[in-house]
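Below is one structure; the comments refer to it alone.
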Amino acid sequence: MTITPKDVLKHSSPSSAYLCPLSANTYGIEFLEFRIRDMESDRVLFQVKRDKEAEAAAGIQMDDDSVRFIRYDFGSDFFNYKTLGASLVFAVGPKEVPNFRMVERHYFRNKLIKSFDFKFGYCIPNSSNSWEVIYDIPPLSKKEAQEMIENPYETKSDSFYFVEDKLIMHNKAEYSYSSR
């Protein structure tokens, strides 16, 4: 069964399992760097850069589902930010990537908070690509923000990546906003 953007845009809660195997990424797409920052202060809230040599030395297997799951610890100050920038650097393997698209769905306690739908377009083979999106934090009541702070990792997201509307990658995340 082929999973399409239309399918995942109907989700009202996070998926309980990965919706495609790691082997579905036949385009050799690899995420190399990722950064989240507050646009007003330019403060970096999260940053990671892939180090293939360190991964090899540590024996990290890229065919293990753990490589597509991340936990973020942002702290309660996160709710003071208004606008974020998310930067991504990714590499493409030897095949062209037409109509590359990401749908990202954020939930708290199985309630949809925000859905994003980003279109990267065409990526040439054997290329390194950078992309940044700037977006506003979804409006939350003080009560909702407090509940998210008091319940670490009950805020979750699914990131779905498509080529020609066919799911090729699925990543998951959990978020904590408790005081650091």
Over-ring placement of [X] relative to [Y], 6.0 Å and 45° cut-offs:
X      : Y      : value
Arg68  : Tyr18  : yes
Lys95  : Tyr27  : yes
Arg71  : Tyr153 : yes
Lys114 : Phe116 : yes

With [X], which residues qualify under side chain to side chain contact (heavy atoms under 4.5 Å, CB included), at least two apart?
X      : result
Ile137 : Phe78, Leu84
Lys156 : Pro14, Glu174
Lys143 : Ser141, Glu147

Checklist entry - Is the closest side-chain donor-acceptor distance between Glu104 and Ser159 under 3.5 Å? => result yes

Checklist entry - Step by step, would you call Phe90 with Phe100 a ring pair (Phe, Tyr, Trp, His ring centres under 6.0 Å)? => result CA-CA 12 Å; Phe90 62 97; Phe100 189 33; 5.5 Å; yes

Check this for me, if you would: do [X] and [Y] make a salt bridge, where the nitrogen-to-carboxylate-oxygen distance has to be below 4.0 angstrom?
X      : Y      : result
Glu33  : Arg50  : no
Glu154 : Lys111 : no
Asp165 : Arg101 : yes

Item to check | Under the salt bridge (charged side-chain N to carboxylate O under 4.0 Å, His left out) test, residues paired with Asp77 that sit two or more places apart | outcome: none

Checklist entry - Quick one: ring pair (Phe, Tyr, Trp, His ring centres under 6.0 Å) partners of Tyr81, sequence neighbours excluded? => result none

Item to check | Residue pairs, two or more places apart or on separate chains, that pass salt bridge (Lys or Arg N to Asp or Glu O under 4.0 Å) and touch residues 128-140 | outcome: Arg37-Glu132

Checklist entry - Given the side-chain rings of Phe160 and His11, with only the six-membered ring counted for Trp, is the space between their centroids under 6.0 Å? => result yes

Next on the checklist: Please check this pair: side chain of Asn25 against backbone of Gly28, looking for a donor-acceptor N/O pair closer than 3.5 Å.
Outcome noted: yes

